[in-house]
Colleague: 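Dumping the structure here so I can ask a few things about it.
So that the names make sense, note that chain A is the first sequence line, chain B the second, and so on, each numbered from 1.
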Amino acid sequence: MAIAELLQQHNLTEGEYDQIVQILGREPNLTELGIFSVMWSEHCSYKSSRIYLKRLPTRGPHVIQGPGENAGVVDLGDGLAAVFKIESHNHPSFIEPYQGAATGVGGIIRDIFTMGARPIALMNSLHFGMPYSSGKVAPTRIRGEKQSQHIQVSDSSTGEFRARNPELKTLKPKSDTRHATSETQFSSNQMILEGVVAGIAGYGNCIGIPTVGGEVFFHPCYDSNPLVNVFCLGVACKDRIFYGRATGPGNSVIYVGAKTGRDGIHGATMASAEFDEDSKKKRPTVQVGDPFLEKLLLEACLEAMESGAILGIQDMGAAGLTCSTCEMGGRAGTGIEIDLALVPQRERGMIPYEIMLSESQERMLLVCEKGREERVLGMFQKWDLDAVVIGKVTSNGILTVTDRGNIVACIPNDALTEKAPVYARPAREPEYLRTAPLLETDQIPEPVDYNDLILNFISTPNMCSRRWIFRQYDHMVRTNTCVLPGHDAAVIRLKESETLALAMTLDGNPRYCYFSPRQGALLAVAESCRNLACVGATPLGATNCLNFASPENPEVMWQFIETIEGIKQGCEYFDAPITGGNVSFYNETMGRGVYPTPVLGMVGVLDRQQVVTASLKNEGDVLLLLGDTRPELGASEYVSYVMQQDLGPTPEIDLAAEKRLHDLLRTLAKQRLLQSAHDCSEGGLIMTLLEKSFLSGSLGWKLSFDTNLRADLFLFGESPSRAVVSCQKTALEQVVGEAQFAGVPCQQIGEVVPETLKLSLQRKLRFDTNLATARAAWLDALENVFKT
Amino acid sequence: MKVGVVVFPGSNCDHDTYFVTKTVFGQECVFLWHNDPALKEADVVILPGGFSYGDYLRCGAIAKFSAIMDRIKEFAARGGLVFGICNGFQILQEARLLPGVMLRNRGLKFICDHVYVRVERNNLPLTVQCQPGQVLRLPIAHNEGNFYADPELLDRIESNRQVIFRYCKPNGDITDAANPNGSLHNIAGVANGQGNVFALMPHPERASELALGSEDGKHLFQSLAYWVDRRMAATG
């Protein structure tokens, strides 16, 4: 085979090949070429992102382990540490939704227990194309042009809303932010959504780790580019953290878990290229998960670690045996020598190339103290697992692979890790930022009938309840879940401590990032910290998953660099260092890429007696709006709904005001003055108010207040740094006093009443409906799509 | 009371059940390894929830062959108290210690949610501290909890009064809307004819602390402790 063809198959450039020859001082053999190709893939090497990731703040008083290990570690106090990380499994989930998502869960769980932590919580951030039409806009005649063929036509009441607001019809949708989805695309998106959710449930439920929260966002840019980001958190004793280091030459290298098969060969390489029409043919690069085997592996590894004989441990994820051997050697400055004939194999006749590149799931590599192998092997046998000594640690810094004594690969560790190529790819401000239309507020007519509008709005894909999804996840196993899914942040109590609870959240808004990657990333950090503050928690550390289109596109590279700057600024400001994460490029199919989609995972601590949830609690409680509402509708969910097009600009943020709000929320939680707290985010103030009521089930509100803003701006605008809290009447004076002292604007807006929702602005009744009707519209919208 | 919690490969509510009995209710508790037939003199053997053997083949179908199951059968035959929760229920059915089978939920989806169940019998070791007709709010988390028995067996179960819990509305009404998974006669829990082997699909161990949102599950653990203590006093 010609070398050019081989390189293309391995996704390596000629320049990279020359570099390999230079490092080795010779031509690589096929096995070695395969090893280089996976280790130098974007997925494993971070070659396009590495120089920028270094800019992120990674140190802080609570950080025990920052980026570079299998997961980040923060100090919780009481001798405990939280180990957490987020990872993407985007490409496999498009090709094979169930298994792609399931093995994503399996992979991140291994990253956590490999550090010696027992995994206690999972979350996920999912992005899909629209599963059904949002808005269902009436036929739109564009000035002088033929009727748009792209815009969904329907007779829904939003159409009526538009009919009553005829000015809307004259607007001209343009730029690629216009929403246009066909019925075939809806059903394809539904299939991916259903498969991914089932895959996450299938793996997480079986292994017995609760899926406690997350986020789901729908947008046409995720048609054929679904994003599946999975977060896992574990708890360990602070002084018993394990690392992926092959220490001590002479010590034994042990392989445990599933047998190696031909599945997943070149998975990492697959995840490092964009998709085309033949992508479905890549299905064999997706692995099949076995959560039961991983449950055994988890229990056995934690037992083996207790024995004291394990010196280093790493899971075999992307790039399998290759990655674990060279990384463990690399981190410890040692080498590893393994004999492939000893590796447990699922099928006959596998060649070294296949064994080294297999991504069979549920496998771990351990380094065990010389002389204590029998004890360790016995522990795995107890759990009916394969465990075999396959090699030893050496002092030469070289990965040596033999097959029945013959050397089949011999590569210095650092050639695969530190010396992997690093690119400063060209970056350029995207053209669309200069041409995309910005919203003029007066483009949007003030709605006439808010009842109808709101009832429709709350049943759109991005606003409706996620119950259909999280009901499929076991979110209560391990009996630690204090706050069920659907609130601002998940809260998990720690049985190991008398007082501690952990709060965690995943946040991001791709639409904000599209119009300003830097601002959008900053807002994501702010929102994740605000969500923690709402439940009463203080951030300790963060992880991020950065999902982008092809880095070979300078405009995407610019989005990426700007995003890093936004995260950097936010994490520095809110004292939330990044302890690890993941970059996923090439989320692009047939030239159509995703919006820049950074997902922030934030972890904080609180006293478990002081947890505040979002739902209304008692009739007669007072509702207060904290923070300033500015006249901004840009990049909001409402604009995309009404205009069927995304229009910027991204909301502004005053970091100092944001921080004041967080401090106030925590102070109020500590003093137990609040009955509930919920921040304002997608959908604006009205969604915050409605969700507070819907989550309670039976309590509504009677609101009446004044504003200088137009009613729709006030209700749907997405100014950050705001929250709605409720308190008992007797606590009102204290709450208002604390807000004044903190310098946070505080407006009394109404009170909690049973069963009804009534909202008056400027003494005019705008919204008046029965709670049960509205709640059903919100609760059942997604579920109805999947009812047969 | 001394409780033995069986650990099968793939059990995942074993720690939760241990924690509730030991820490929340202050009872003696030990783990029983599936491959080690010793019951360690437990007064009550609990088969916890989870996915024993990955629920491969059929829920509980492989676990019934574990070495410990023979001892559990002997224990039950002597009148020992055996309590199954969720997957434990399925295993007890597979082992023919309890009647009926579990089909997939009628919606063909895993369901994790809070439901209400009505106590149909309060003269069993599991419910002796409950009021007649008491409604309990408990979580469910299963994919195969759709109780099925052929008409003849179902009649027998009903006429023997083996049904302990039925899914119901918060007010205790037994309706189809209150039935989350399609179980015949809304059955959520049953006992054997002698009343010493019993199980339910909901998870009382997840609802025994206020911090977790419901304490209704504690009635069941308190019932067991009360029953065992009373029996000890009687024989002691």
Colleague: Given a strict heavy-atom distance threshold of 4.5 Å, which part of A/E194 is in contact with chain B: side chain, backbone, both, or neither?
Modeller: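 A/E194 touches chain B through side-chain heavy atoms alone.
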Colleague: Identify which part of B/S11 has an atom lying under 4.5 Å from any heavy atom of chain A, answering side chain, backbone, both or neither.
Modeller: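 Looking at B/S11, just its backbone touches chain A.
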Colleague: How would you list all residue pairs meeting ring-ring contact (aromatic ring centres under 6.0 Å, His included) that involve residues 10-31 of chain B, not counting sequence neighbours?
Modeller: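 Applying ring-ring contact (aromatic ring centres under 6.0 Å, His included) to every pair that reaches into residues 10-31 of chain B, excluding sequence neighbours, yields B/H15-B/F31, B/Y18-B/F31, B/F25-B/F221.
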Colleague: Assess, by modelled atom type and distance only, whether the side chains of B/Y53 and A/D384 contain a donor and an acceptor separated by less than 3.5 Å.
Modeller: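 Side-chain D/A pair, B/Y53 to A/D384: absent.
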Colleague: Would you please name every residue forming a side-chain hydrogen bond (donor to acceptor under 3.5 Å, both in side chains) with B/W227, sequence neighbours left out?
Modeller: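 With sequence neighbours excluded, B/W227 shows a side-chain hydrogen bond (donor to acceptor under 3.5 Å, both in side chains) to no residue whatsoever.
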Colleague: First locate atom CG of A/N480, then atom CG of B/L212, and finally report the distance between them rounded to the nearest 0.5 Å.
Modeller: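 That separation rounds to 7.5 Å.
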Colleague: Taking A/R478's backbone N and O only, do any of them form a donor-acceptor pair with B/D16's side chain (distance below 3.5 Å, no angle check)?
Modeller: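 Yes, because the side chain of B/D16 sits within donor-acceptor range (under 3.5 Å) of the backbone of A/R478.
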Colleague: Taking all atoms of both residues into account, what is the closest heavy-atom pair of A/N205 and B/F51, and its distance?
Modeller: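 Looks like O-CE1, 3.1 Å.
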Colleague: Between B/E205 and A/T479, what is the shortest heavy-atom contact and its length?
Modeller: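 Here B/E205 and A/T479 meet closest at O-CG2, 3.5 Å.
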Colleague: What's the shortest heavy-atom distance between B/N12 and A/V477, and which atoms?
Modeller: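 Scanning both residues completely, I find the closest heavy atoms to be O-CG2, 3.7 Å.
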Colleague: Taking all heavy atoms of B/G54 and all of A/C206, pick out the closest pair and write down the distance.
Modeller: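 That closest heavy-atom pairing would be CA-SG, 4.2 Å.
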Colleague: If you round to the nearest 0.5 Å, how far is SG of B/C13 from CE of A/M476?
Modeller: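 The CE atom of A/M476 sits 11.0 Å away from the SG atom of B/C13.
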Colleague: Side chains of A/W468 and B/K109: closer than 4.5 Å at any heavy-atom pair?
Modeller: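 Yes; the side chains approach each other to less than 4.5 Å.
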Colleague: Evaluate whether atom NZ of A/K259 has more than 12 neighbouring non-hydrogen atoms of other residues, nucleotides or ligands under 6.0 angstrom away.
Modeller: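 No - once you tally the heavy atoms of other residues, nucleotides and ligands closer than 6.0 Å, there are 12 at most.
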Colleague: Answer yes or no: is there a side-chain heavy-atom contact under 4.5 Å between B/N35 and A/K382?
Modeller: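 Side chain of B/N35 against side chain of A/K382, heavy atoms only: no contact under 4.5 Å found.
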Colleague: Could you give the distance from CG (A/L484) to CG (B/D113), rounded to the nearest 0.5 Å?
Modeller: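 If we round to the nearest 0.5 Å, A/L484:CG and B/D113:CG are 9.0 Å apart.
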Colleague: With a 4.5 Å heavy-atom cut-off (strictly below), which parts of residues 494-504 of chain A touch chain B? List them by number.
Modeller: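 Residues of residues 494-504 of chain A touching chain B at under 4.5 Å: A/K495.
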Colleague: Under 4.5 Å heavy-atom distance to chain B, tell me which part of A/L298 shows up: side chain, backbone, both or neither.
Modeller: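 Answer is neither: A/L298 stays 4.5 Å or more from chain B.
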Colleague: Evaluate the side-chain proximity of B/Y56 to A/D290: yes if any heavy-atom separation is below 4.5 Å, no if none is.
Modeller: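 Yes. Closest side-chain heavy atoms under 4.5 Å.
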Colleague: Please identify, among A/R493, A/R467, A/K295, the residue contributing the most non-hydrogen atom pairs under 4.5 Å to chain B.
Modeller: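 Counting heavy-atom pairs under 4.5 Å, the top option is A/R493.
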Colleague: Side chains of B/C112 and A/R471: does their closest heavy-atom pair fall under 4.5 Å?
Modeller: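 A side-chain contact under 4.5 Å is absent here.
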Colleague: With sequence neighbours excluded, tell me which residues meet side chain to side chain contact (heavy atoms under 4.5 Å, CB included) with B/N186.
Modeller: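 By the side chain to side chain contact (heavy atoms under 4.5 Å, CB included) rule, B/N186 matches B/R166, B/Y167, B/I174, B/N179.
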